[in-house]
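Presented below is the structure to which this report refers.
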Amino acid sequence: MAALSEDAPAPLEIRGLRKSFNGVDAVAGIDFALARGECFALLGPNGAGKTTTLKLLLGLSVPDAGDIRLCGRAIPVEARQARRHVGVVPQNDNLDPDFTVTENLLVFGRYFGMSAAAVRSRIPELLEFAGLAGRASEKISALSGGMKRRLALARALVGDPELLVLDEPTTGLDPQARHLIWERLKQLVALGKTVLLTTHFMDEAERLANRIAIMDGGRIVVQGPPREVIARNIEPQVVEVYGDNVVGWAQREAARHASRFEISGETAFCYADDPRALLESLQHQPALRYLHRPANLEDVFLKLTGRELRD
Amino acid sequence: MNPDHYRLPELSLRFVSVWRRNFLVWRKLAIPSILGNLADPLLYVIGLGFGLGMLVREVQGVSYITFLATGIVCQSTMNSATFEALYSAYSRLATQRTWEAILNAPVSLDDIVLAELVWAASKSVLSGAAILLVICLFGLSDAWASLWVLPIIFLIGLAFAALGLCVTALAPSYDFFMYYFTLFITPMMLLSGVFFPVEQLPPAVQAVAVLLPLNHAVELVRPLLLGRTPDDILLHFAVLLGVTLVGYHVALVLCRRRMIK
């Protein structure tokens, strides 16, 4: 996979991007930029505007306002040319069911203007990378969900892109399949590729991303490196308390010893800079179980976007 | 309303990669597909040609089976292009999301719709050519005239593919296509001089019939296959070409509205 020259333009710059559908803002003025070789994760609940943002930056939706430059090209005017340098793994499986694994890659390579010989020479490497070696002539219907997703990843790499865009790459996969995708994405970043992904798995973002942006209601509510976002937006220690009558306990004790607490069902989430007094209080409550842990991205996410369901 | 949806198509050879995708799928099922192309119209020619031919004997100075077969060439081309532009293209657009996948590559919707247009027309040439072959084998026309007709068959395929793609771009589901067949394709087949001369129709109906693109196709192809020179050649060409160009642009605008929100 070829190295990039030093003066190549930034993979993606977005400024003041807006898009509404029927008067409802899907994207309500966002700014972010990707540096070459980083992995950037867009987080957000359903309907936050993540997929719309991806469609806009690929030129598959026309913005109401704002500037997008993708691999140095103005979007949407030069979107087609820009996509020559971008690989996309879509949220919905849209592999070609009429073709084998190899044919899927061959046909997709042709869309990138590559000769059959050029694609063929890349196929063993791509299949190896996707963990699909030995399945070259398999029909798509014979592949598991994880294999299909990996083939979609291999397909996105056919044109040797600078930037890889993945829309919820591990949704619906089992843990083994997720870990393999994460492994591969880390390898790609190590090779100097830039990766932009959307997810609502916080552990995925925390593990993979150099930087994250949390979207809600079409806006970016916070962005930065995951550790920094956590440090800046939430108390460092969390005590989760479960059990009967946790509400009564929380209202008496957590209110005094934690800087903040939230009740969700049978669980009290207590946030504190120093949790010692809380833990001490819990020693006298044998009926309550608890988990003491450092704050993570999910805590920040829930704090900023709320706990109510989004459908 | 997005003015960007209405801009003129950007034509490029990039469509070939998408055309080749469809060709590769077709190649896997080529034999049953060719047999299907051949069987249906052949049944018409033989069944109606011999059956009705016993009663009718001669139409416009030729045997009824010759008259019918030279019309069926056009009708079969129309059907083949229409089916491909409706059902198959809709599968790729909506069911399999093939277009969506292709749009993530450096290919535009203009390229995809052009590829579908040319592909449906290419497939229809096979249907048309299959009937031409039968006509030659039956000795109803000579082989050289048939070769002349092939490019016209392709143009007929383009025109009906373009119309079909407009319908596909609007379709919410496969069921929608029944309207197009019932309200447009079937009446056109009956009114365009495939089975009997348009002159048999009442004058008011004739006035409508002359507007139908299939009628113009038949007016070009039948005389050529009978070794005659068609009347109003330029008019017929202009109609078929016009339907192709306008239909392609309208289909593209509708597809842009559907896919690029």
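Just so we're clear, the structure is a prediction, and the values are computed from it rather than from any experiment. The sequence lines fix the lettering, A, B, ..., with proteins before strands; numbering per chain opens at 1.
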For residues 39-72 of chain A, which residue pairs pass the ring pair (Phe, Tyr, Trp, His ring centres under 6.0 Å) check, not counting sequence neighbours?
A:Phe32-A:Phe40
Verify the neighbour count for atom CZ of B:Arg258: are there more than 12 heavy atoms of other residues, nucleotides or ligands below 6.0 Å?
yes
B:Arg21 versus chain A, the contacting section by heavy-atom distance below 4.5 Å:
both
Less than 4.5 Å apart, any side-chain heavy atom of A:Asp98 and any of B:Gln96?
yes
Salt-bridge present (A:Glu168, A:Arg149; N to O < 4.0 Å):
no
What part of B:Lys28 gets closer than 4.5 Å to chain A, counting heavy atoms only: side chain, backbone, both or neither?
side chain
Lys/Arg N to Asp/Glu carboxylate O, B:Arg256 vs B:Asp4, below 4.0 Å
no
Where does the angle between the aromatic ring planes of B:Tyr87 and B:Phe83 fall among parallel (under 30°), tilted (30 to 60°) and perpendicular (over 60°)?
parallel
Where along residues 138-146 of chain A does a heavy atom come under 4.5 Å of chain B, listed by residue number?
none
Just so I understand: if I count every heavy-atom pair under 4.5 Å between each of A:Leu58, A:Val165, A:Asp93, A:Asn92 and chain B, which residue has the most?
A:Asn92
Classify the ring geometry of B:Trp19 against B:Phe23: parallel below 30°, tilted from 30° to 60°, perpendicular beyond 60°.
parallel
Please rank A:Thr52, A:Val107, A:Leu60 by heavy-atom pairs under 4.5 Å with chain B and give me the top one.
A:Leu60
Neighbour count above 12 (heavy atom, 6.0 Å) for B:Leu43 CG
yes
What part of B:Thr98 is in contact with chain A, defined as an atom under 4.5 angstrom from a non-hydrogen atom: side chain, backbone, both or neither?
side chain
